[in-house]
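Here's the structure, in structure tokens; my notes come after.
Within every chain, numbering begins at 1; the chains are lettered A, B, ... in the order of the sequence lines, protein sequences first and strands thereafter. All of these numbers come straight from a predicted model, not from anything done at the bench.
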Amino acid sequence: MPAFISRLFIVFVALSALAACSPGESNVAQGNRDGILHFGNGSEPQGLDPHVVTGVPESKLIDALYEGLTRKNPWTLEPEPGAAARWEFSEDRRVITFYLQPEGRWSNGDPVTADDFVWSWRRALDPAMGNQYAYMLYPVANAEAYATGQITDPEALGVRALDDLTLEVTLTEPTPYFLQLMDHYSSFAVPRATIEKYGKATDRFTQWTRVGNIVTNGPFQLKEWKLNRRIVVEKNPHYWDADTVKLNGVVFYPTENIVSEERMFRVNQLHYTADVPLDKIPGYRAQVDSPFVEAPYLGTYFYLLNTKRAPMDDVRVRLALSMAIDREALTESVLYGSNDPAWSITPPGTLGYQPPQLFSYDPGKARQLLTEAGFPNGEGWPTVELMYNTSESHRKVAVAVQQMWKDVLNITVTLSNQEWKVYLDSVSQMDFQIARRGWIGDYVDPNNFLDMYITDGGNNNTGFSDPVYDELILREAPQALTREERFAIFREAETRLMTQMPILPVYTYASKHLVHPSVHGLPPNLMDFINLKYVTLEAEPLPGNGVQ
Amino acid sequence: MNTVVVDSISAAEQGTSLWTDAWARLRKNRLALFGLWVLVLFSVIALLTPWLAPYAYDAQNLDLGPTPPSAAHWFGTDIFGRDLLTQIMYGGRISLAVGFTATAVALLIGVTWGAIAGYVGGRVDAVMMRLVDILYALPFMIFIVLLMVVFGRNLLLLFLAIGAVEWLTMARIMRGQVQSLRQQEFVEAAISLGLSPTTIVRRHLVPNALGPIIVYTTLTIPSVMLLEAFLSFLGLGVQPPQTSWGLLISYGAETMEEFPWLLIFPGAALTLTLFALNFLGDGLRDALDVRGSGD
């Protein structure tokens, strides 16, 4: 009987118990004193191998642990020295020479060498690795051919070490955003000796990323990993720029439930939250000196349609579903006006690029299209399931969309939610009919959104395939001489994409966080990018009670 | 005089007056009657919800949004502008159905299992109870999740799955009761009269063990309702736009500062049911406790 009562109790009180004050000092007060940042990270990461993972929670951890050749400045988003101290472009901008930090060290004290990058890039591109982000390195000469198995000689890749500290990268085309890619984790160096100690280079999820095994080259190193509880990183004494790093450590909390995350923040258990519950936004906006920080975010929230399964294999059904969503009503009410409706995959205004808007909310047209597809007034509509990863905001959007489809098209779509890792698996295996998806820009360029939908692209996940589209994105756009010409090609490609509607754009992201006033060096930016190296904690005169 | 007494005893042994008797005693217990009527009322409302509900349960009004209770919406509306009263009525259907069905399943398996183990004893008992121990050791969530994965999401299956994990405690209580009862004289008398074991268990042991079982049953029903909410929250139970009290409460709890009515009303519905069940359970135990009332 006691066991059963406690179970009953757990169901209801677990979340609030999580947030309840521990006796004595709060995390924030303690953290401010000891230089430990308590960071809400949203979800338990899929892993810590930069060539395996794909999500945003993972990227926050990997950015703390590793460092690419360049690193974005969080204020300007311009690349600044990372593992490379400086770099030079050739005349035709097809060859880049990176000069690595002479003091660059792994967390075990070994030097970071140009060979590390050569080996790592070969690993990232190896087809056996199954890296969904391999295409991020496709601008490198022969990278695509190697990643797709057309050539097998890794020597042919356009990356080589001239000496221990000099790395030469040859590109197929001059790629304007290439330096930004060097800040993406698929281009990071991984520790060869450690990986080979625990398995083959291309083995996924081996023991090398465990505490005690993992070796990294970033400002922090892994100290503790308690599944679903916390991941603790501490300052890496071997980091080349260790003097700049002010924090002694960061504790990442995988709090999937953003409501309990917000409660943790309020009782000073967190310095920073990954998100803010929608219903709390009006209240926080109204506060004076609010900890609420919102900023435009380079990302699109959309639904993936599996074009390989009926009835979504019919373009008319896809268009009908899209036209039946009243995006304005959705963003105004459910999202409290914090986001703009999205009509295409690319967020508007990415470097001045404007995506096409080919349709609008049009119930009549939607019904007509559905009738043409053989479902007059929803008759004969099969069982269709919309899948989303467990989150209160995704549920709200899904419930609203579900009802719009019912009202406009008279069709029933069931909902199901999955835990983050299961969800990522289902999406990458295309084991869904409709799935919620968000895409956050890895670098500021429309290409980052559009090259997802090349045939069999690792993050395509819809079955969409159009040779003309592939040609535009992979061949024509990189050869464009001016930005106008390049954007015109993108627009043409995006028009083709949205005519086929393999995805239903819903809204454009905005980043929303609660940030404790003692935290400095976390500026809001379009990429929601954080460089923990610059973060400092300055306790206020009266610590521990920063937020009511 | 003597004959009258003999008559009433023989009537008691026919087993019919146990219930008549109990009913008479229950009727004197006001709290228990209140509980009974609340449950009857809720069940009738649940059955008639499709005709009684003021709105369609999935009708959204995004422009309206969350509004506090008003004349048009007695219990207010949720963030989609859906009528909360309607939601609670439909949620009650699921919650009550899950509560009663799963508990009935647990009751059936648990009582039978426990009674057999307790009555037969010896090696049979040892094997049966070890099996219960093993099932106890299995994390119940994994068991339900497995069932859901193998058989797919299905409301009836959810009922059965929850029942299938909730019967263990019931079996233990029953076994303990039966073990202590079978030492008593009236069972020995029944054995010496030549009654079959099945009749003894059914006629003499189960009715005498009813007290603790009923109390435990009234506790199981609300816990099952909460379990359903938990499973639904994980994506294994009821999915939107269908709802249940447990789900309404867990959603309401998320926004209790902004929209308190979203928590208060579903919470009140569940609490009222829980109280009603407990009052009724207490009353039934007193009413059915043959020994307690005899003295």
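Between B:D63 and A:E332 the shortest side-chain heavy-atom distance does not fall below 4.5 Å. A:M387 places a side-chain heavy atom less than 4.5 Å from the side chain of A:Y423.
Using a 4.5 Å cut-off between heavy atoms, A:E392 touches chain B through its side chain atoms alone. Looking at B:L62, the atoms closer than 4.5 Å to chain A (heavy atoms on both sides) sit in the backbone and in the side chain alike. If you measure heavy-atom distances from A:K280 to chain B, the contacts under 4.5 Å come from both the backbone and the side chain. Using a 4.5 Å cut-off between heavy atoms, B:E258 touches chain A through its side chain atoms alone. Using a 4.5 Å cut-off between heavy atoms, A:V399 contacts chain B through both its backbone and its side chain.
A salt bridge links A:D431 and A:R309; the closest N-O separation between the charged side-chain nitrogens and carboxylate oxygens is under 4.0 Å.
Note that A:R229 lies outside the cation-pi zone of A:Y253, set by a 6.0 Å cut-off to the ring centre and a 45° limit from the axis.
Of the listed residues (A:K406, A:R395, A:K396, A:Q402), the one with the most heavy-atom contacts under 4.5 Å to chain B is A:R395.
Below 30°, between 30° and 60°, or above 60°: for A:Y284 and A:F292 the angle between ring planes is below 30°, a parallel geometry.
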